[in-house]
Amino acid sequence: PSICWNSQLNEYLVTWHGGTFIFNSANEYQIYGQLVDSTGFLIDTSFQISNSIEDLARGAYATYNKDRNEYLAIWVDGENSDQFLVRGQLLDSIGAKIDTVIAISDNGEDQFRSLDTQSAEAHYDSLGKEYVVIWSANVDTSNDSENADYQVHFIALDDSTAQTIDTSFIISTLGGNVENNPSPALAYRSLDRSYFAIWSSNIPIPVDSFEAEIRGQHFETLNNQCTDGVLNGDETEIDCGGPICNACPTCDDGIQNGD
């Protein structure tokens with residue numbers, strides 16, 4: 001289960017996956033939500049958030065947007081028994097759905113392939129007016145379970161539509177390969193709009209065994225690089241140029257800018 005606090009209404013949203021469980025049979029799971037007041041009493045009844053076609057939704061997580069008085073609920077959804085991707089749904093302050101389910105991760109064939117997602121977490125960046133989502137998934141393209149390579153992914157979403165901003169990027173390659181379920185977690189630092197992600201990593205050691213470690217990475221979102229006053233990323237000058245930031249001022253662009 002997951003819980004977040006609505007600072008405007010002084011109440012909570014609890015989300016979880018639930019459904020039917022039949023021993024030695026296919027289980028059916030959807031994502032549900034329940035509003036709870038500040039004293040712990042339930043507000044109205046619970047409601048269904050997901051609409052998983054295969055009834056394989058799991059790993060519920062929700063975050064609150066104080067600027068729009070809305071929630072973003074995310075979960076891992078099974079497109080089939082072998083392919084689990086990250087999905088999301090915007091909710092208003094009473095838990096009603098806003099628009100349709102959002103596809104956050106995909107099953108592309110490139111280096112950002114994201115299959116068999118294990119867990120996901122979301123947060124709201126009030127300064128950048130965006131949601132951020134982190135998850136762990138298999139990036140191996142061979143479809144061979146013995147070559148599975150689980151890495152930690154990150155993406156930013158627009159706060160009004162929850163549509164993706166730029167592309168996702170892999171964090172854990174900066175700290176080595178990750179195997180099995182890394183269970184990533186994320187902390188946001190509003191001082192400079194940066195993030196610190198942590199995850200577990202199984203490091204092979206001799207005699208067919210593993211040594212578990214906790215690893216971490218401090219980083220910024222791509223759109224924050226264009227406003228931080230530092231020459232970084234793919235910028236050609238401070239906070240401008242390159243494929244992400246706005247073009248740098250020139251003497252022949254027809255605009256009064258720069259000096």
Side-chain angles (χ1 to χ4, degrees), residues 1-23 27-52 55-78 84 86-102 104 117-136 154-162 181-191 193 195-200 214:
S2 169
I3 186 170
C4 60
W5 177 54
N6 183 324
S7 57
Q8 289 194 33
L9 300 179
N10 193 24
E11 60 189 34
Y12 302 92
L13 171 65
V14 179
T15 57
W16 68 94
H17 76 263
T20 61
F21 176 80
I22 303 174
F23 185 69
N27 302 317
E28 300 178 357
Y29 293 112
Q30 298 287 350
I31 303 301
Y32 297 89
Q34 173 70 60
L35 293 172
V36 182
D37 71 18
S38 60
T39 62
F41 285 95
L42 304 184
I43 302 174
D44 297 323
T45 59
S46 62
F47 47 90
Q48 184 172 323
I49 299 174
S50 68
N51 187 24
S52 175
D55 296 312
L56 293 173
R58 67 188 189 193
Y61 201 97
T63 188
Y64 174 64
N65 180 338
K66 67 178 182 179
D67 297 309
R68 302 178 65 86
N69 195 22
E70 296 174 355
Y71 302 96
L72 173 66
I74 67 168
W75 63 92
V76 176
D77 202 348
F84 288 85
V86 183
R87 296 291 179 255
Q89 175 68 62
L90 287 173
L91 305 170
D92 66 16
S93 61
I94 62 172
K97 296 179 182 178
I98 302 173
D99 297 325
T100 58
V101 171
I102 306 143
I104 297 175
T117 302
Q118 298 293 309
S119 58
E121 184 175 309
H123 294 273
Y124 177 63
D125 174 358
S126 59
L127 295 179
K129 299 294 188 293
E130 64 185 18
Y131 295 103
V132 294
V133 181
I134 189 173
W135 70 93
S136 61
F154 177 95
I155 202 167
L157 310 176
D158 178 80
D159 78 324
S160 61
T161 64
N181 183 6
S183 300
L186 186 69
Y188 168 63
R189 191 171 94 161
S190 60
L191 180 65
R193 293 191 58 222
Y195 301 89
F196 194 86
I198 61 169
W199 62 89
S200 61
I214 302 298

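FYI, side chains are in, hydrogens and waters are out, and symmetry mates aren't considered; it's all heavy atoms of this structure.
Looking only at side-chain heavy atoms (C-beta outward), F47 and T45 stay at 4.5 Å or farther from each other. Looking at heavy atoms from C-beta onward, Y64 lies out of side-chain contact with L9 at the 4.5 angstrom threshold. In this structure, the side chains of N6 and L13 stay at 4.5 Å or more apart for every pair of heavy atoms. Residues D125 and Y195 form a side-chain contact, since some pair of their non-hydrogen atoms from C-beta on lies under 4.5 Å apart. Between L157 and I104, some side-chain heavy-atom pair lies under the 4.5 Å cut-off.
Residues S93 and L35 share a closest heavy-atom pair of O-CD1, 3.8 Å. S52 and D77 get closest at one heavy-atom pair: OG-OD1, 2.7 Å. What you find for R58 and W75 is that their closest heavy atoms are O-CB, 3.4 Å. Of all the heavy atoms in D67 and S126, the pair that sits closest is OD2-O, 3.7 Å. Residues I98 and Q89 approach most closely at O-NE2, 3.0 Å, considering heavy atoms. Contact between P184 and S119 at its shortest, heavy atoms only, is CD-OG, 3.4 Å.
One finds the OG1 atom of T39 at 9.5 Å from the CG atom of N10 (value rounded to the nearest 0.5 Å). The CG atom of L72 sits 12.5 Å away from the CD atom of E130 when rounded to the nearest 0.5 Å. Rounding to the nearest 0.5 Å gives a distance of 10.0 Å between CD1 of I94 and CD of E11. Between the CG atom in L90 and the CD1 atom in I74 there is a gap of 12.0 Å [rounded to 0.5 Å]. Distance check: I31 CD1 to Q48 CD gives 9.5 Å after rounding to the nearest 0.5 Å.
Between the side chain of S46 and the backbone N or O of Q34, no donor-acceptor pair lies under 3.5 Å. A donor-acceptor pair under 3.5 Å is absent between the side-chain atoms of E121 and the main chain of Y61, judged by distance alone.
Classification of the Y29-H17 ring pair by plane angle, with boundaries at 30° and 60°, yields perpendicular.
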Q. Can L186 and F154 be said to form a side chain to side chain contact (heavy atoms under 4.5 Å, CB included), step by step?
A. CA-CA 10 Å; L186 186 69; F154 177 95; 3.9 Å; yes
Q: Show your working on side chain to side chain contact (heavy atoms under 4.5 Å, CB included) between I3 and V36 and close with a plain yes or no.
A: CA-CA 10 Å; I3 186 170; V36 182; over 6 Å; no
Q: Go through Y71 and D92 one step at a time and tell me if the side chain to side chain donor-acceptor pair (under 3.5 Å) criterion holds.
A: CA-CA 6 Å; Y71 302 96; D92 66 16; over 6 Å; no
Q) Checking side chain to side chain contact (heavy atoms under 4.5 Å, CB included) for the pair Y124/K129: CA distance, chi angles, key distance, verdict? A) CA-CA 8 Å; Y124 177 63; K129 299 294 188 293; 3.4 Å; yes
Q | side chain to side chain contact (heavy atoms under 4.5 Å, CB included) assessment of K97 paired with L91 | A | CA-CA 5 Å; K97 296 179 182 178; L91 305 170; 4.1 Å; yes
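Looking at residues two or more places apart in sequence or on another chain, you find a side chain to side chain donor-acceptor pair (under 3.5 Å) between Y131 and N65.
A donor atom on one side chain and an acceptor atom on the other are not found under 3.5 Å apart for D37 and Y12. A side-chain donor from one of S50 and Q30 sits under 3.5 Å from a side-chain acceptor of the other.
The side-chain contact (heavy atoms from CB on, under 4.5 Å) test with I155 singles out one residue from I134, V133, V86, and that residue is V133.
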